[in-house]
Every structure is written in C-alpha cells, then in structure tokens.
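Down below is the structure, laid out as structure tokens.
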Amino acid sequence: MGWTDERVELLKKLWQDGLSASQIAKQLGGVTRNAVIGKVHRLGLSGRAAPSKPARTVFKAPRPARPAPAAPSAPRRIAEPVAAMAPTPSPVRFVDEEPGMATVLTLGAHMCKWPIGDPALESFTFCGRRTGHEGPYCMEHSQVAYQPAQAKKKGSPAELARSLRRYI
DNA sequence: CCCTGATTCGC
DNA sequence: GCGAATCAGG
C-alpha cells in the first residue's frame, strides 16, 4: 500500500493528535510503525506537542569518580540519589529492641530494611534491627518476607518490602 | 520484555 | 521516496 493523499492526511491528523507511530500504523493498516515514522520524518513533522515530559535537557550527570579500590569482598552497592545526597549516616546504630526506629537516612548496611508503616507518611520507618549475615531483613522479617503465598498478595507487607528493595 | 521515536541506508 | 534494521531510551 502506498501513501495516497487520504492516507497521508490521516497520518498527519493522527500524528498531530498525539498517537504513537505504532498506533497509527495499526489504524492505517498495511504499514509498519517504521513506515509511519519514516513518512513522518519525510513530511517534516517529527516534532510534536509534548503532552507530558517537561522537555528535558539531554544531559547526563557525569559518573562520580571511582572512590578507590575498596575491600575486594565488600558488597557492591550502588548509591541511590537519596542515599548519595544524605549526610553521611553517622555511626550505625542498630535497634535491637524496638523495630521501626530506622529512617532512610539512618538505615545502615546491616540493618533490617523491613518497612514499617505507610511510606507516604512522615512516620514511615524501617525496622532497623540487625540483619543476618546476608539477607536485607532481620530474622523475624526474613520469615515474613520469604513466604511465597503471602509474598504474592498485592499490598502485603512482603510485597511492599520487595517493591522498596531497590531504593534501599 | 514491552514500548517509544530517531537514524541509517539499500532498495 | 520508501521502510527494515538498528539505535537509544523509558
């Protein structure tokens, strides 16, 4: 199928309406999204009103220089923005008795990362007790976290914990 | 792995 | 001019 006037008009309209190339291709039929994109470019209407996206400047923060060859066996943990900007978490304090005393700022490497409360609230904390040798959670929470049945339920503590793992 | 647009290049 | 392949990103 070639680009008849009607099809080109339709393409223009749909593209201006903000449909994606693949959606347009589907609607036109007989063309792939690549064909649509190619045509869009040839027509010179590649730019579109951005519905979302605050027109990000294409700029990448340079990688922070490597600290220095640390201990070979030290677990490699990439610093998240939050952790990176936070003041150095002063001496790690485990919370052996009362769970829920650790915040994202005070949570240390070997402190239980089990979420306590609602992450949206100020009162949100992490358990903070000692973890085992490997796991991210203390003994008690490891048991809760690694129960398959419970872990699958949406909104369960285990689910929440897992979803937060990558930020810790 | 799903998707997005951008670019290249043989046709 | 066309669009598949590829790239770069979300």
Side-chain angles (χ1 to χ4, degrees), chain A residues 1-70 74-89 102-105 107-109 111-122 124-126 131 134-137 141-142 144-168:
Chain A
M1 253 187 195
W3 288 105
T4 63
D5 286 359
E6 298 89 64
R7 288 167 65 78
V8 171
E9 287 309 308
L10 184 52
L11 165 62
K12 284 181 181 173
K13 179 189 179 298
L14 296 177
W15 183 257
Q16 238 77 35
D17 284 354
L19 277 84
S20 72
S22 61
Q23 287 176 314
I24 295 173
K26 222 180 297 176
Q27 182 149 341
L28 285 172
V31 286
T32 65
R33 76 178 196 96
N34 279 316
V36 170
I37 291 173
K39 186 61 180 175
V40 160
H41 269 248
R42 268 171 256 123
L43 290 173
L45 35 73
S46 55
R48 258 195 307 193
S52 55
K53 291 306 168 212
R56 293 200 55 77
T57 308
V58 183
F59 169 76
K60 278 189 176 177
R63 273 188 180 277
R66 279 209 162 209
R76 318 229 295 103
R77 181 135 296 169
I78 306 304
E80 282 293 322
V82 173
M85 285 177 215
T88 304
T103 71
V104 67
L105 296 183
L107 195 60
M111 297 169 68
C112 178
K113 296 162 187 62
W114 188 263
I116 307 275
D118 187 339
L121 300 181
E122 293 272 342
F124 179 68
T125 61
F126 294 93
T131 67
E134 281 302 319
Y137 309 122
H141 288 135
S142 290
V144 185
Y146 300 130
Q147 282 177 10
Q150 188 174 350
K152 293 209 168 195
K153 293 175 73 175
K154 278 232 164 168
S156 72
E159 160 83 13
L160 174 59
R162 268 191 293 106
S163 70
L164 289 173
R165 277 294 292 128
R166 80 180 232 94
Y167 299 107
I168 301 170

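Here is how names work: the chains are called A, B, and so on, in the same order as the sequence lines, proteins then strands, and each is numbered from 1.
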Practice problem: Could you grab the distance from atom CG of A:Leu107 to atom NZ of A:Lys113, nearest 0.5 Å is fine? | Solution: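 Here the rounded value is 5.0 Å.
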Practice problem: Describe, in one word, how the ring planes of A:Trp114 and A:Tyr137 are oriented to each other, choosing from parallel (under 30°), tilted (30 to 60°) and perpendicular (over 60°). | Solution: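 If you compare the ring of A:Trp114 with that of A:Tyr137, the planes turn out perpendicular.
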Please list, pair by pair, any protein nitrogen or oxygen found under 3.5 Å from a nitrogen or oxygen in nucleotides 3-6 of chain C.
residue, atom, partner, partner atom, Å
C:dG3, OP2, A:Trp3, NE1, 2.8
C:dG3, N7, A:Arg42, NH2, 2.5
C:dA4, OP2, A:Thr32, OG1, 2.4
C:dA5, N7, A:Asn34, ND2, 3.4
C:dA5, N6, A:Asn34, OD1, 2.8

What pair of heavy atoms forms the shortest contact from [X] to [Y], and how long is it?
X	Y	answer
A:Val36	A:Leu11	CG1-CD1, 3.6 Å
A:Ser46	A:His41	CB-NE2, 4.0 Å
A:Gly2	A:Arg7	O-NE, 3.1 Å
A:Cys112	A:Thr131	N-CG2, 3.3 Å

Exercise. Check whether any side-chain N or O of A:Trp3 sits under 3.5 Å from a backbone N or O of A:Lys39 as a donor-acceptor pair, and report yes or no.
Key: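 Between the backbone of A:Lys39 and the side chain of A:Trp3 there is no qualifying donor-acceptor contact (under 3.5 Å).
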Quiz item: Hey, are the side chains of A:Met1 and A:Leu28 touching, using non-hydrogen atoms and a 4.5 Å cut-off?
Solution: no
Quiz prompt | Positional range of nucleotides in DNA chain B within the contact set of chain A, heavy-atom, under 4.0 Å | solution =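 The protein-touched segment is B:dT4 to B:dT7.
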Exercise. Report the distance from atom CG of A:Leu11 to atom P of C:dG1, rounded to the nearest whole Å.
Key: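 About 15 Å, once rounded to whole Å.
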